[in-house]
Structure formats: C-alpha cells, structure tokens
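To start, the structure itself, in structure tokens.
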Amino acid sequence: MGIFPGYLYNNQYSRSLEVVVAIVKIVLEVIVVIASILLTLLILMHKGKGGGLSDMFGGGISANAGTSGVAEKNLNRLTIIVALIWVAIIVALSLMAKYKIA
C-alpha cells in the first residue's frame with residue numbers, strides 16, 4: 001500500500017490501469033493497420049510464378065530485371081515476420097475484446 005488511504009489508492013490505481021490498457025489497445029490497433037499495409041505491399045513485391053495477379057501489377061517487369069535469390073529469400077523472411085506479428089496482435093486484440101479488457 002502507498003501513502004494514500006486504501007480506498008483512495010485502489011481507486012486511483014484502477015483508473016491509471018484503465019488508462020494504460022486503453023493506450024495499449026490504441027497502440028496495438030495502430031500497429032495492426034501499419035502491419036496490414038506493409039504486409040499487402042510485401043506480398044505484392046514477390047516475384048510472380050507466372051500468370052497470376054502479380055503479373056498484372058508489373059510482376060513481369062521485375063522478372064525480366066533479374067532479381068537475385070538472396071533478395072527473394074529476404075523478402076520471404078520479412079513477409080513471414082510481419083505476418084506473424086500481425087497474427088499475434090490480432091489474437092491479442094480479440095482476447096482483450098473477449099474478456100472485456102479496455
């Protein structure tokens with residue numbers, strides 16, 4: 001217990017905890033939006049394997065430019081990392097909504 005009486009300390013603690021949880025929820029939602037946009041761009045940057053949607057957006061041009069295998073592997077790794085972050089945040093936000101946290 002702090003220097004405040006019990007009833008004041010508990011009330012003040014619960015209010016500050018609510019503010020912190022609300023801030024965390026807003027930050028997570030902003031990160032999900034940024035990760036969604038980044039994930040979309042990363043997926044569109046992948047080299048097309050032929051005749052797909054990526055060819056319509058210029059995938060054929062990048063295939064002729066000769067991208068290296070290392071760049072494609074790094075792009076795959078980055079896409080997987082961003083996708084895992086996106087999934088983890090979506091799960092966290094859904095658990096917060098299920099248990100009515102914030």
Side-chain angles (χ1 to χ4, degrees):
M1 200 172 293
I3 58 174
F4 300 108
Y7 64 90
L8 183 60
Y9 181 76
N10 290 336
N11 227 356
Q12 194 175 24
Y13 176 74
S14 66
R15 283 188 198 143
S16 63
L17 185 63
E18 288 175 4
V19 170
V20 169
V21 171
I23 290 172
V24 168
K25 185 178 178 185
I26 291 171
V27 168
L28 287 176
E29 289 172 348
V30 168
I31 292 173
V32 162
V33 169
I34 293 170
S36 298
I37 294 168
L38 184 61
L39 192 59
T40 302
L41 293 175
L42 287 172
I43 290 170
L44 287 176
M45 286 174 59
H46 276 86
K47 184 169 65 171
K49 302 296 181 201
L53 191 62
S54 62
D55 286 341
M56 185 170 61
F57 291 114
I61 296 170
S62 67
N64 291 336
T67 59
S68 69
V70 176
E72 188 70 24
K73 285 182 185 178
N74 289 335
L75 185 61
N76 286 340
R77 289 181 187 139
L78 187 60
T79 304
I80 291 170
I81 290 169
V82 172
L84 290 175
I85 291 170
W86 185 83
V87 167
I89 294 174
I90 291 294
V91 168
L93 285 172
S94 65
L95 288 174
M96 289 175 74
K98 180 180 179 181
Y99 294 111
K100 294 181 175 59
I101 302 172

Return a table of donor-acceptor pairs under 3.5 angstrom between the side chains of residues 30-41 and protein atoms on other chains or two or more places apart.
| residue | atom | partner | partner atom | Å |
| --- | --- | --- | --- | --- |
| S36 | OG | V32 | O | 2.7 |
| S36 | OG | W86 | NE1 | 2.9 |
| T40 | OG1 | S36 | O | 2.8 |

V21 reachable from V19 in the ILVMFWY side-chain graph, under 4.5 Å edges: yes
Connected via hydrophobic side-chain network under 4.5 Å: L84 and I81: no
Side-chain donor-acceptor distances from residues 89-102 under 3.5 Å, at least two apart:
| residue | atom | partner | partner atom | Å |
| --- | --- | --- | --- | --- |
| S94 | OG | I90 | O | 3.3 |
| S94 | OG | V91 | O | 2.8 |

Stepwise side-chain contact (heavy atoms from CB on, under 4.5 Å) check, N74 with R77: CA-CA 5 Å; N74 289 335; R77 289 181 187 139; 3.2 Å; yes
Value rounded to 0.5 Å, distance of CG in L75 from CE in M45: 5.0 Å
Hydrophobic cluster membership, I80 vs V87, 4.5 Å side-chain cutoff: no
